[in-house]
Amino acid sequence: MENKITSSNFIKNIVIEDLESGNYKEIITRFPPEPNGYLHIGHAKSIVLNFELADEFKGRTNLRFDDTNPTKEDTEYVESIKEDVEWLGFDWEELHFASNYFEEMYNRAVLLIKNGKAYVDDLTPEEMREYRGTLTQPGKESPYRNRTVEENLDLFERMRKGEFKDGEKVLRAKIDMASPNITMRDPAIYRIAHASHHNTGDKWCIYPMYDFAHPLEDAIEGVTHSICTLEFEDHRPLYDWVIRECEMESKPKQIEFARLNITNTVMSKRKLKQLVDENFVDGWDDPRMPTIAGLRRKGFTPEAMRNFCRAIGVAKANSTVDAQMLEHFVREDLEHKAPKVMAVLRPIKVIITNYPENQVEMLEVPYHQDALELGNRQIPFSREIYIDSEDFMEDPPKKYFRLFPGNEVRLKEAYFVKCNEVIKDQNGNVVELHCTYDPETKSGSGFTGRKVKGTIHWVDAKNAVPAEIRLYEPLILNEETDEDKTFLDQVNPNSLEVLQGFVEPSMKNAKAHDKFQFIRQGYFNVDPKYTNDDKIVFNRIVSLKSSFKVNK
Ligand code: ATP
Ligand code: MG
């Protein structure tokens, strides 16, 4: 069930105040990804927050590609981001590219120069770092800081014309080298980069820096509340400075919130790209990736992801959410939606020696006892079946209620069977079990004789559909350390297990993204990448149970 109204949070309170005081007449937000990778679940938090906040107050949300860095951006990422936002269930009002504002941004930079608020600096990047000072020491003014307006205008124009090499000059805001906030110590606002841009091609060889570009983008679009993550808190005075000094008509307000972190998960496009580029995973949509594309391929639903994003809330302090919480929401969403079927992951053959040789019985069974609208299917039963090897032990401990020599169990939806003989190969591995069944004990027949303690699932050997089944464990073993160098050492070598099993015949025509509950095994999704006419592949989305409880 989807709970559409998010509870109150500090950003909502700011918006309510701003509307009541008349600071803003309507609410316009934006989701501003840089197209330098696929979106991850952290972005989903920002998407849900921005879109639902505007929606609740009858406002609008734009999708804007923050494409001001030509070297890392790509149209493949632009397309994937659009697909992911739509799949999550959100419609943007306007679609924008920051690169479409380059001319206006250039003009605003010229305005700053004319007003004596920006200058061209020739310091090398190393010198700039030296001059910047530290948290405890003020910075030092660059010897180029007092160039005349004319000289600055001339140099900036020549930067644009391509007369200088990368790094040779930058345009800096002229603010305060002694500011206690290092961000305000004459930040660079334009740099030279002779690089082709995915949108503007070779038109530009100077590009605006994020801190200069972002407020302008917001103001140009009339965004009212510019929501970003906590690391930009110190940049807020600069954000406001740019809006004011560039004489922007519209005055957006920057608000910071804590980014989402999840246990055993790396959440940075740069690191995720490394996992892809170095073949730790099979692409951005590998089901082990925390990308929206990866979670979708694994089998997560948009409803589950939205509910998760609402439940984690919006706070001002960083924290880490347990990965099991994400799983809780997909389980909850699929509980009454996914047909419940039988699948055998690690097959072992069972011959029912007293069952007639050529007989096949069709058992009519509902897909879900608590969701009868899902309908019924027919399950064939005959002399040879498969059960999961985990449901048999030759020499079981006490309180083992599944199959073992001499013990009787119920085959779900069918009969009681008793194990009489264990057949092994030369190496002593169990290859086949010989059982007998009791025709009196058919499921639904009202049989009230003796009882058995175990019920196990099975599939009919002749009619079952072979299937590849993929089980996943966390891709990252330990909590992420902040040392970038070591996260690849934490990659789990056993994060994927590929099994060759069987599913009941009702799944013969299952299509990509169909979702099922395999009784006793978990929720599974038909993999869209590897499933084809000859082969069906299932990804385990989650197992059935977890120890994790969500307070509601
Ligand atoms: P990354 O470090 O993963 O590349 P980013 O912040 O650089 O993330 P952007 O493309 O700039 O990625 O992000 C677009 C929007 O998504 C921004 O508003 C950003 O604040 C938000 N966002 C990114 N990561 C998270 C996260 N983990 N939790 C919440 N919001 C996030
Ligand atoms: Mg980034």
Side-chain angles (χ1 to χ4, degrees), residues 28 30 32 34-35 62 64-71 73 94-122 142 144-176 183-184 186-224 226 235-254:
I28 302 177
R30 85 290 173 259
E34 184 183 355
N62 295 341
R64 179 208 310 146
F65 290 99
D66 205 344
D67 56 348
T68 54
N69 180 1
T71 53
E73 295 159 5
E94 298 165 14
L95 177 67
H96 292 294
F97 289 85
S99 52
N100 288 341
Y101 309 142
F102 280 167
E103 194 68 44
E104 165 138 26
M105 289 175 185
Y106 179 83
N107 292 333
R108 297 285 167 174
V110 168
L111 176 70
L112 288 181
I113 295 174
K114 285 184 176 158
N115 290 337
K117 298 286 183 182
Y119 62 97
V120 174
D121 198 354
D122 298 2
S142 160
Y144 305 98
R145 195 174 197 260
N146 293 314
R147 277 175 163 153
T148 62
V149 168
E150 287 66 37
E151 195 182 355
N152 281 319
L153 285 173
D154 174 60
L155 287 172
F156 189 46
E157 193 181 336
R158 287 165 57 197
M159 279 169 66
R160 177 181 184 166
K161 282 187 182 148
E163 289 186 25
F164 308 111
K165 291 198 285 290
D166 291 5
E168 212 178 318
K169 293 191 176 349
V170 290
L171 184 70
R172 297 177 73 176
K174 194 171 183 175
I175 308 179
D176 179 7
T183 313
M184 298 299 272
D186 291 9
I189 58 177
Y190 258 96
R191 67 190 171 112
I192 300 171
H194 291 271
S196 256
H197 186 280
H198 78 98
N199 190 23
T200 56
D202 293 321
K203 178 161 183 227
W204 293 90
C205 64
I206 55 171
Y207 292 94
M209 305 297 285
Y210 178 89
D211 280 337
F212 177 67
H214 206 86
L216 295 181
E217 296 159 20
D218 287 338
I220 291 167
E221 288 169 25
V223 165
T224 56
S226 175
H235 300 232
R236 192 181 340 130
L238 178 54
Y239 184 98
D240 294 339
W241 184 94
V242 171
I243 297 291
R244 187 174 66 245
E245 299 301 338
C246 288
E247 300 173 10
M248 301 308 289
E249 229 171 90
S250 157
K251 306 260 186 279
K253 177 186 270 190
Q254 175 178 307

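What you see below is based on every heavy atom in this structure, not just the backbone, and it leaves out hydrogens, waters and symmetry mates. Numbers for residues simply follow the sequence, beginning at 1. Small disclaimer: the values here were computed from a predicted structure and weren't measured.
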- Item | Polar contact flag, side-chain donor to acceptor under 3.5 angstrom, Tyr144-Glu151 | no
- With sequence neighbours excluded, give me every salt bridge (Lys or Arg N to Asp or Glu O under 4.0 Å) pair touching residues 190-200. none
- Sequence neighbours left out, what passes ring-ring contact (aromatic ring centres under 6.0 Å, His included) with Phe212? Give chain and number order. Tyr190
- Message: Can you list everything that forms a side-chain hydrogen bond (donor to acceptor under 3.5 Å, both in side chains) with Tyr106? Sequence neighbours excluded, please.
- Response: none
- For Asp240, what residues pass the side-chain contact (heavy atoms from CB on, under 4.5 Å) criterion, not counting sequence neighbours? Arg236
- Message: List the residues meeting side-chain contact (heavy atoms from CB on, under 4.5 Å) with Lys165, not counting sequence neighbours, and say none if there are none.
- Response: Glu168
- Message: Tell me every residue that passes salt bridge (charged side-chain N to carboxylate O under 4.0 Å, His left out) with Arg145, counting only those two or more places apart in sequence or in another chain.
- Response: Glu141, Asp186
- Among all residues two or more places apart in sequence or in another chain, which pass the side-chain hydrogen bond (donor to acceptor under 3.5 Å, both in side chains) test with Asp122? Arg147, Lys169
- Query: What are the two closest non-hydrogen atoms of Ala195 and Thr71, and how far apart are they?
  - Reply: CB-CG2, 4.0 Å
- side-chain hydrogen bond (donor to acceptor under 3.5 Å, both in side chains) partners of Asp211, counting only residues at least two apart: His235
- Which residues satisfy the side-chain contact (heavy atoms from CB on, under 4.5 Å) test with Pro32, sequence neighbours excluded? Arg30, Arg64, His214
- Query: salt bridge (Lys or Arg N to Asp or Glu O under 4.0 Å): which pairs involve residues 192-205, sequence neighbours left out?
  - Reply: Glu103-Lys203
- Which residues pass the side-chain contact (heavy atoms from CB on, under 4.5 Å) test with Asp154, sequence neighbours left out? Arg158
- Task: Could I get the full list of side-chain hydrogen bond (donor to acceptor under 3.5 Å, both in side chains) partners for Thr148, not counting sequence neighbours?
- Result: none
